[in-house]
Amino acid sequence: MDTQRNNAIFDPHLHLFDLDEGDYFWLKNALPPWPKISLIQRNFTPADLKLPVHFQLDGYAHIEAGFNNTHPAAEIAFLEQKYKRAHCAISYTQIDQDPHTFKEQIQDFSRYATFVGIRDISEGADAERLLKPEVVSNFALLERHQLIFEAQFELHQHPITKRLCDLAKACPTLNIVLNHAGLVTAESFDDWHTAIKKLARFDNIAIKYSGFEMIDLPLNEPFRKTVLTTLVTHFGENRVMFASNFPICLMTSSYASLWQQYYDLCPNKALWQKLSFANAKRIYQIQK
């Protein structure tokens, strides 16, 4: 295997902040109850994505970060104008909105070369929005346009998990990506595991291994390895992706330390290459 390619990373989940240009209401007002949120209340650019010398950042997927939720295309336009690195963009729009409005929003996003899909955070009670009838036609539109839907909710919410399974079955060529390992915690692990086994049956569902800093879980916490082993067992080696959630990950570790820990979790380089690079490049439709 080519050594340079084996050390390449495609990070499928990061955020860049420019607090002067964007709104970032959630960040500026410290809305998430994270004790260390002050560490990330500043600007971040690609220059901050520092890796050990034996790794190479080949590209990344920029995930919407509340730059301008009223006009979310403004974030994509800003990124394309300011940063020329190999990246693709996931934007924000509400998945349960009127299908005509949803279609117009997707058409607006599609003007941008880096646009590949949408995320609509639906944690807690917001997850019930995925049950609304409008979601069915909006998922079908995403499928027709060969886009990605990023799902972010607690997988232990079994009615929502069942709904997502039904949607995946109805739209078999739509790539659905579960964010942040399905927001698992030690307390929810058993219910989460039940959901994982159901979701993994659908070949068009993949999952990112990320987000543990949001529950203040140290890098060396054994629970992290338990989650990874469970994901690879059920989703296989081709539908799990290492992701950083930069800069939120900085609340527990540096960007470099996080990727080194991911490397150390892999029993062989073939698995590392898939989880750190190949799977994300394929799912995010990056040709290079």
Side-chain angles (χ1 to χ4, degrees), residues 9-15 59-65 72 76 87-95 106 109 114-123 126-127 129-130 135 138-155 157 160-184 192 195-212 214 227-228 230-232 234-246 248-249 262 274-286:
I9 289 169
F10 185 94
D11 189 343
H13 198 112
L14 61 75
H15 316 280
Y60 55 85
H62 184 279
I63 310 300
E64 60 84 18
I76 306 177
H87 80 276
C88 60
I90 295 290
S91 193
Y92 160 77
T93 194
Q94 203 161 306
I95 192 61
I106 296 301
F109 295 149
T114 56
F115 171 66
V116 296
I118 66 162
R119 176 175 76 158
D120 182 9
I121 296 175
S122 52
E123 298 174 17
D126 279 347
R129 292 193 291 101
L130 288 167
V135 173
N138 291 342
F139 260 60
L141 179 70
L142 293 175
E143 182 182 35
R144 288 196 298 274
H145 286 267
Q146 298 182 304
L147 296 170
I148 295 167
F149 179 71
E150 303 259 343
Q152 186 165 323
F153 67 94
E154 302 86 351
L155 299 189
Q157 296 196 60
I160 312 304
T161 291
K162 182 182 182 303
R163 171 63 156 176
L164 195 63
C165 288
D166 291 342
L167 291 165
K169 183 177 180 180
C171 301
T173 63
L174 172 64
N175 276 328
I176 299 169
V177 177
L178 303 170
N179 281 197
H180 302 324
L183 300 174
V184 62
W192 171 87
I196 285 294
K197 288 185 280 189
K198 293 177 180 178
L199 291 160
R201 295 172 188 161
F202 297 91
D203 291 339
N204 56 328
I205 299 181
I207 191 163
K208 297 177 193 173
Y209 178 82
S210 60
F212 297 99
M214 296 188 293
V227 171
L228 180 62
T230 304
L231 292 181
V232 174
H234 294 292
F235 279 90
E237 296 185 355
N238 297 319
R239 289 187 289 139
V240 179
M241 296 173 280
F242 285 145
S244 71
N245 198 26
F246 179 89
I248 293 82
C249 64
Y262 286 168
K274 289 179 178 180
L275 271 56
S276 66
F277 179 76
N279 295 347
K281 291 275 280 195
R282 183 188 73 252
I283 291 167
Y284 285 87
Q285 308 162 47
I286 303 299

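- Between Leu275 and Tyr262 there is no side-chain heavy-atom pair separated by less than 4.5 Å.
- Remark: Asp126 pairs with Ser122, Arg129 by the side-chain contact (heavy atoms from CB on, under 4.5 Å) rule, at least two apart or across chains.
- The shortest distance between side-chain heavy atoms of Thr173 and Asn204 does not fall below 4.5 Å.
- If you check the side chains of Glu64 and Ser91, you find no donor sitting under 3.5 Å from an acceptor.
- Not counting sequence neighbours, Phe235 has no partner by the ring pair (Phe, Tyr, Trp, His ring centres under 6.0 Å) test.
- Interatomic distance, Lys281 NZ to Ser276 OG, rounded to the nearest 0.5 Å: 11.5 Å.
- The minimum heavy-atom distance between Asn245 and Gly211, with the atom names listed, is ND2-CA, 4.3 Å.
- For the residue pair Asp11 and Ala243, the shortest heavy atom distance occurs at OD1-CA, 3.8 Å.
- Contact between Leu231 and Ala181 at its shortest, heavy atoms only, is CD1-CB, 4.4 Å.
- In this view, Thr230 satisfies the side-chain hydrogen bond (donor to acceptor under 3.5 Å, both in side chains) rule with no residue, not counting sequence neighbours.
- For the pair Ile207/Met241, no side-chain contact is recorded, criterion being any heavy-atom separation below 4.5 Å from C-beta on.
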Pair up each side-chain donor or acceptor in residues 161-170 with any protein partner under 3.5 Å, not counting sequence neighbours, and list the distances.
unit_1 : atom_1 : unit_2 : atom_2 : d
Thr161 : OG1    : Leu155 : O      : 2.9
Lys162 : NZ     : Asp166 : OD2    : 3.1
Arg163 : NE     : Leu130 : O      : 2.7
Arg163 : NH2    : Leu131 : O      : 3.4
Arg163 : NH2    : Lys132 : O      : 2.8

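- For Tyr92, the ring pair (Phe, Tyr, Trp, His ring centres under 6.0 Å) criterion is met by no residue, not counting sequence neighbours.
- Side chain of Arg239 to backbone of Ala200: a donor-acceptor contact under 3.5 angstrom is found.
- Using modelled atom types and a 3.5 Å distance limit, the side chains of Gln94 and Asp120 yield no donor-acceptor pair.
- Distance alone, capped at 3.5 Å, is enough to place a donor-acceptor pair between the Asn138 side chain and the Ile95 backbone.
- Partners of Glu154 under the salt bridge (charged side-chain N to carboxylate O under 4.0 Å, His left out) rule, at least two apart in sequence or in another chain, do not exist in this structure.
- Here the side chain of His62 pairs no donor or acceptor atom with the backbone of Ala89 at under 3.5 angstrom.
- Residues Phe139 and Ile176 are in side-chain contact: their nearest non-hydrogen atoms beyond the backbone lie under 4.5 Å apart.
- Qualifying side-chain hydrogen bond (donor to acceptor under 3.5 Å, both in side chains) partners for Asn279, counting only residues two or more places apart in sequence or in other chains: Arg282.
- Contacts of Arg144 classified as side-chain contact (heavy atoms from CB on, under 4.5 Å), with partners at least two apart in sequence or in another chain: Ala140, Leu141.
- Contact annotation: the side chain of Leu183 approaches that of Met214 to within less than 4.5 Å [non-hydrogen atoms, C-beta and beyond].
- Taking the ring pair (Phe, Tyr, Trp, His ring centres under 6.0 Å) definition, one finds that Phe202 meets it with nothing, sequence neighbours left out.
- Rounded to the nearest 0.5 angstrom, Asn238 CG and Asp203 CG are separated by 10.0 Å.
- Judged as a side-chain hydrogen bond (donor to acceptor under 3.5 Å, both in side chains), and not counting sequence neighbours, the contacts of Ser210 are His180.
- Partners of Gln146 by side-chain hydrogen bond (donor to acceptor under 3.5 Å, both in side chains), not counting sequence neighbours: none found.
- Evaluation of the salt bridge (charged side-chain N to carboxylate O under 4.0 Å, His left out) rule for Glu123 yields no partner, not counting sequence neighbours.
- Contact annotation: the side chain of Tyr284 approaches that of Ile90 to within less than 4.5 Å [non-hydrogen atoms, C-beta and beyond].
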Tell me, with the steps shown, if Ile106 and Leu142 meet side-chain contact (heavy atoms from CB on, under 4.5 Å). CA-CA 8 Å; Ile106 296 301; Leu142 293 175; 3.9 Å; yes

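- Ring orientation note: the planes of Phe109 and Phe115 are tilted relative to one another, at an angle of 30° to 60°.
- Here the closest heavy-atom approach between residue His15 and residue Ile248 is recorded as CD2-CD1, 3.6 Å.
- In this structure, CD on Glu143 lies 13.5 Å from CD1 on Ile148, to the nearest 0.5 angstrom.
- Rounded to the nearest 0.5 angstrom, Tyr60 OH and Cys88 SG are separated by 9.5 Å.
- One side chain, His13 or Lys208, offers a donor N or O that lies under 3.5 Å from an acceptor on the other.
- Residues Val227 and Phe212 are in side-chain contact: their nearest non-hydrogen atoms beyond the backbone lie under 4.5 Å apart.
- No donor-acceptor distance shorter than 3.5 angstrom exists from the side chain of Trp192 to the backbone of Gln157, with no hydrogens or angles considered.
- The shortest side-chain heavy-atom distance between Phe149 and Val177 does not fall under the 4.5 Å cut-off.
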